[in-house]
Amino acid sequence: MSTKDQSITSKTTNKADRHQEKLFLADVKAIIIEAGLGKTRSAILKKQLIVYGGQYHRSIQSDTTHIIASKNIKLARLCTILKIDTIPSNLIVVDADWLSQSLTKGQLIDVGQFNLVKRVQPKTTSVQLDKALTKDDNAATLEHGKKEQIKRHSDASPCTDNSDHNEVPPASQKRPLEEKKISSPVWLKIKRGRFSKTNTKKRAIDNSNIIHQPLDSDSDYVESDDDNNANTSEIEMVLSQLPAKYTAKPSSSWACARPSSLPVKNRNKHITDILEILQKKYENLGDQWRVKGYTKAISSIKNYPREITTREEAEAIPNIGKRLADKIWEIISCGHLRKLDYMDNDVQTALNVFTKIWGAGPATAHNWIAQGLYTLDDIRAKAKLNYHQSIGLKYYDDFNERIPRAEVVEIEAVIREEATAIEPGLEVITCGSYRREKPTCGDVDILISHPNGRSHQGAYHKLLRRLQAKDFLTEILVNQDVDIDHQKLLGVCKLPEEGRKYRRLDIIVVPYREWACSLLYFTGSGHFNRSMRLLARKKRMHLSEHAISVGVLRKVTACSVLKYGNQKLTRGTPVPTKCEADIFALLGLDYLEPKDRDC
DNA sequence: AGGCCAATACTG
DNA sequence: CAGTAT
DNA sequence: GCCT
């Protein structure tokens with residue numbers, strides 16, 4: 001087989017694996033019967049089905065593979081709903097639990113025991129569907145002991161005769177690996193405790209499956225082999241004081257709980273291009289929340305594995321609601337969005353240009369346009385600029401150009417050299433997208449501290465003076481000197497050689513006790529940080545660039561009794577952290593490498 | 001209907 | 001204070 | 001914008 005089709009071919013690199021696991025429902029093209037499942041559940045299943053690469057069909061199509069239904073539904077009812085007399089022999093009617101459990105597990109599980117229509121002979125019109133489940137023990141299997149598991153495994157399900165040919169469409173017989181994984185009992189690997197920081201995705205997934213198990217009796221968890229270090233004992237001590245509900249492992253619906261996925265080829269560029277124009281418009285309007293909505297939607301579409309062809313398909317994608325689905329449908333069917341015609345393109349263009357000036361946002365840009373300014377030359381000639389904006393304009397082209405990693409390395413080297421000359425033990429680390437291993441960066445974020453907890457003091461000002469003295473630091477936009485322990489520079493630097501570009505440089509000095517939280521924060525991504533802070537809040541903790549605290553109480557907002565508002569009542573107790581892994585552990589998350597935080 | 005991260009500093 | 005930025 |  002050709003090697004180019006990686007999405008199907010089983011590759012063995014970590015990333016390819018992850019990618020593949022993500023789309024483990026790729027061979028499932030299913031109808032979901034709402035009756036008996038309820039609106040909510042069927043909606044969830046539908047969304048999840050699509051998220052993991054499956055296709056949702058509203059009615060039976062030539063390539064439909066599964067009918068997913070409640071185990072209690074009667075065959076007659078099913079046929080009525082589907083407007084057919086018999087179930088076509090190429091279709092598998094399967095209990096919705098099959099999908100649910102596959103989703104929990106992150107991989108396709110054996111369809112056997114969930115098969116609702118045994119295909120002894122094709123037209124068993126009278127078969128009582130639920131009969132298939134008389135065995136009782138189906139849904140509970142995960143909770144039961146291993147012997148039960150093994151037994152079930154060997155004695156196979158009632159319909160073993162045809163189970164292999166009806167479990168997944170012949171289209172792709174090539175997934176022996178799921179079978180493999182299934183047959184090797186998961187619980188053998190369970191042993192390790194909930195804080196084992198597994199590095200391989202595979203183990204992470206296994207763990208996530210296991211987490212439902214009552215973790216009472218497993219007190220014998222082994223102290224995981226060092227890996228990311230962590231003063232595990234201290235962190236666990238803190239955790240042990242917390243109510244169980246706050247120590248549970250967050251689901252993968254949290255962006256901070258799963259590694260950022262490989263970039264997938266965007267098969268819906270015709271859609272995202274237009275949505276991005278709209279998003280830009282709202283950005284220029286300063287409508288941050290709508291922009292956020294678009295961001296999530298566009299990201300979902302870009303990660304969607306197929307070309308979107310129907311409105312329903314679009315609406316089933318997470319973060320796409322009715323209104324975006326309508327827009328998408330218009331794009332699909334007309335190849336065009338009328339709304340765009342109503343936009344004043346000259347204004348939009350000018351706004352886009354102006355807001356790329358560092359220090360100018362939507363409000364400023366609108367002001368300028370109101371004054372009849374439309375081009376950068378207009379701005380240069382007539383606009384009134386504050387200091388930030390004048391620098392932003394002066395280096396407009398340079399600032400809007402990405403910085404190659406190699407150059408970031410050079411810039412970092414300059415700073416490290418000067419810092420080390422001031423105080424040998426200073427730690428100098430470049431965060432931001434550089435640390436997340438992006439090929440290019442928008443700016444350079446450098447974090448500085450000293451392990452002894454005090455020698456960072458005073459270094460900042462000396463460092464600035466030295467960098468200025470060698471004409472490396474050319475402009476200072478913001479010089480934030482909070483206290484003896486905290487300084488921040490937003491500035492501009494340029495390497496000495498002729499022809500080098502001016503680059504945005506941030507330098508942050510923090511006390512070492514804040515090292516972990518600072519590192520986490522300045523590494524980002526922004527979305528990752530938001531997700532993690534929100535999670536912290538849900539767990540009654542509080543995460544900032546300074547510290548993570550437990551036992552934070554917030555005021556309950558008027559209308560949502562169960563949700564926490566953002567007004568703090570008590571500040572909580574900061575937990576000492578020595579590395580990023582400590583923070584992940586406190587939040588019940590598997591550790592993620594910086595490159596996996598790129599969401 | 002209201003949340004969607006948090007906290008702070010600078011400019012004018 | 002509003003606006004911008006990190 | 002979307003989601004709860």
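Numbers restart at 1 for each chain; the letters A, B, ... are given by sequence-line order, proteins then strands.
Taking atom CG on A:Leu385 and atom P on B:dC10, their separation rounds to 21 Å, with Å as the unit. Protein atom CG of A:Asn386 is 5 Å distant from nucleotide atom P of B:dG12, rounded to whole Å. For A:Leu534 and B:dG2, the CG to P distance is 19 Å, given to the nearest whole Å. Taking atom CZ of A:Arg537 as the reference point, atom C1' of B:dG3 lies 9 Å away to the nearest angstrom. If you measure from atom CG of A:Asp483 to atom P of B:dT8, you get 11 Å, rounded to the nearest angstrom. If you take CD of A:Gln487 and C1' of C:dT6, they are 16 Å apart, rounded to a whole angstrom. Spacing between atom CZ of A:Arg504 and atom C1' of C:dA5 amounts to 8 Å, rounded to whole angstrom units. Remark: P of D:dC2 and CD1 of A:Ile320 are 8 Å apart, rounded to the nearest angstrom.
Between A:His546 and A:His486, the two ring planes are perpendicular [angle over 60°; tilted spans 30° to 60°].
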Before giving the answer on side-chain contact (heavy atoms from CB on, under 4.5 Å), spell out for A:Tyr521 and A:Leu543 the whole-Å C-alpha distance, their side-chain angles and the decisive distance to 0.1 Å. CA-CA 9 Å; A:Tyr521 173 65; A:Leu543 176 61; over 6 Å; no

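Listed candidates were B:dG12, B:dC10, B:dA6. Nearest to the side chain of A:His542 is B:dA6. Closest to the side chain of A:Tyr387, from the set D:dG1, D:dC3, B:dG12, is B:dG12. Closest contact between the side chain of A:Asn319 and the listed nucleotides C:dT6, D:dC3, C:dT4 involves D:dC3. Closest to the side chain of A:Asp506, from the set B:dA6, D:dC3, C:dT6, is C:dT6. The A:Lys339 side chain lies nearest to D:dG1 when the options are B:dC5, D:dG1, B:dG12. Nearest to the side chain of A:Gln480, among C:dA5, B:dA6, B:dC10, sits B:dC10.
Within the structure, every side-chain polar atom (N or O) of A:Arg533 is placed at least 4.0 Å from both OP1 and OP2 of B:dC4. Close to C:dT4, at under 4.0 Å from its OP1 or OP2, lies a side-chain N or O of A:Thr364.
For the pair A:Glu401 and A:Arg503, the tightest heavy-atom approach, listed with the atom from each and the gap, is O-NH1, 3.7 Å.
A:Asp445 comes within contact range of no nucleotide atom at all, as no heavy-atom separation falls under 4.0 Å.
Taking atom P on both C:dT6 and B:dC4, the two are 23 Å apart, rounded to the nearest angstrom. Remark: the separation of the P atoms in B:dA6 and D:dC2 is 23 Å, to the nearest Å.
A:Phe399 has its ring centre no less than 6.0 Å from the ring centre of A:Trp358.
Of all the residues in residues 280-298 of chain A, A:Tyr282, A:Trp289, A:Arg290, A:Gly293, A:Tyr294 reach under 4.0 Å from DNA chain D with at least one non-hydrogen atom.
The NE2 atom of A:His366 sits 9.0 Å away from atom OG1 of A:Thr355, with the distance rounded to the nearest 0.5 Å.
Using a 4.0 Å cut-off between charged nitrogen and carboxylate oxygen, A:Lys322 and A:Glu315 do not count as a salt-bridge pair. A salt bridge does not link A:Lys494 to A:Glu475: none of the charged nitrogens lies less than 4.0 Å from a carboxylate oxygen.
No donor-acceptor pair under 3.5 Å is formed between the side chain of A:Arg311 and the backbone N or O of A:Asp326.
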